[in-house]
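Presented below is the structure to which this report refers.
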Amino acid sequence: MNERMVSGLAALRSRSRAPRADELKGVPWLAVLEPAHARRVLDDLRVVEVQAGEVVCRVGRAPSFWLGVLDGLLKMSNDTALGIPITFTGIPPGGWFGEGTLLKREPYRYNILALRRSLVAGLTVGTFDWLLDHSFAFNRFVMLQLNERLGQFIGAREIDRLTQPDQRVARSLAALFHPTLYPGVGRLLRITQHELGYLVGLSRQRVNRSLTTLQAQGVIVVEYGGVRVLDLQRLRLYGAQGQTPS
DNA sequence: TCATTAAATTGTT
DNA sequence: AACAATTTAATGA
């Protein structure tokens, strides 16, 4: 409803800038590269600030960037033309996405929009391919990421079937705290209860109740504008068989 | 640095 | 959807 004429990808071409040194610390795979490879990346990497509600990439567009979240929060959905949104996934800081479509040279299969003002980084497809051809470390990173994401999507389908709000909130939160996919999150996830409700598909009020419940059980701590995880394992397994909600 | 104000977020109905 | 309470961010002295 609040879409711009300029998509985020076009914005990455037009109003992007080079990343600052402190922003590069939010690029987890940069540290694994050899100096020569990293230099080429630094030459290519661009960042752009997107506003809340702005579309970063849209289904059907030809992929031209590998994209990462340096700050903020994005929402990925694969809602089809039939109007049935199947899977929602939040992408917090440290998350990189789009490698699947880049590898297959297919159009994007997802809509990505910013839930809040965010800083998005982009690596051009040419440099992405070049890294795959030249860096074992980069290949390992991408392979690991694809594997982890596969597990997360399977988990997302289970979340869709869960009926208990507390379970849905717990699992969705746990997915956002994924240390490999989203290393930028750490133990404190910056997300409002409104945003979480939008991701999980619940009202803000219901999310608030679930968060209160989870906090009472010592799994998380609810903070202003964020959630701190105390026990990621229990958050992941919340409501599963054999789990005693103490 | 501190006080004031506006805006955002939370907790509740 | 609406309300009050709380927290943060911004502003200026």
Side-chain angles (χ1 to χ4, degrees), chain A residues 1-4 6 8 11 15-17 19-26 47-56 68-77 79 83-85 88-95 111-121 156 159 162-179 181-232 234-236 238-239 245-246:
Chain A
M1 29 205 103
N2 187 19
E3 296 174 359
R4 305 291 182 88
V6 179
R15 55 177 156 96
S16 66
R17 56 172 172 79
R20 298 195 310 263
D22 58 312
E23 292 165 346
L24 288 174
K25 289 173 185 161
V47 298
V48 66
E49 187 171 284
V50 294
Q51 301 302 313
E54 193 169 345
V55 176
V56 175
V69 182
L70 299 187
D71 191 33
L73 188 65
L74 307 185
K75 188 195 78 165
M76 168 189 288
S77 62
D79 43 3
I84 310 166
F88 290 106
T89 307
I91 309 175
N111 287 320
I112 307 282
L113 77 82
L115 284 180
R116 67 163 72 156
R117 204 159 57 87
S118 303
L119 189 63
V120 177
I159 292 176
L162 294 177
T163 53
Q164 295 194 359
D166 291 355
Q167 277 188 38
R168 291 179 61 98
V169 171
R171 304 281 180 104
S172 301
L173 263 183
L176 294 174
F177 277 112
H178 195 296
L181 288 176
Y182 313 123
V185 173
R187 302 184 68 77
L188 175 63
L189 174 67
R190 297 266 310 170
I191 190 173
T192 67
Q193 297 177 6
H194 178 82
E195 292 164 341
L196 190 52
Y198 194 34
L199 278 180
V200 183
L202 296 171
S203 68
R204 183 179 70 80
Q205 290 89 334
R206 193 59 189 82
V207 167
N208 179 268
R209 283 189 53 191
S210 292
L211 289 179
T212 304
T213 300
L214 290 171
Q215 177 172 240
Q217 299 185 3
V219 183
I220 60 170
V221 175
V222 179
E223 300 190 4
Y224 184 89
V227 174
R228 187 178 300 276
V229 63
L230 298 180
D231 191 336
L232 185 52
R234 276 174 66 197
L235 192 62
R236 280 205 190 98
Y238 189 85
S246 56

Nucleotide dA9(C), atom C1' - distance to CZ of Arg190(A) in whole Å: 11 Å

Arg116(A) CZ - dA9(C) P separation (whole Å): 12 Å

Any donor-acceptor N or O pair under 3.5 Å, side chains Arg209(A), Thr213(A): no

Backbone N/O of Arg171(A) and side chain of Arg236(A): donor-acceptor pair under 3.5 Å: no

Sugar-phosphate, base or nothing in reach of Arg209(A), heavy atoms under 4.0 Å: nothing

d(CZ, Arg204(A); P, dA2(C)) in whole Å: 13 Å

Whole-Å gap separating P (dA8(B)) and CD (Gln193(A)): 17 Å

Under 3.5 Å: donor-acceptor pair, side chain of Arg117(A), backbone of Gly72(A): no

Polar side-chain atom of Arg15(A) near backbone of Glu49(A) as donor-acceptor pair, under 3.5 Å: yes

Rounded interatomic separation in angstrom, taking OH from Tyr224(A) and C1' from dA9(C): 9 Å

Whole angstrom value for the distance that separates P of dT8(C) from CG of Leu188(A): 11 Å

Rounded distance in Å - CZ (Arg117(A)) to P (dA9(C)): 12 Å

Euclidean distance, atom CG of residue Asn208(A) to atom C1' of dT12(B) [Å, nearest integer]: 8 Å

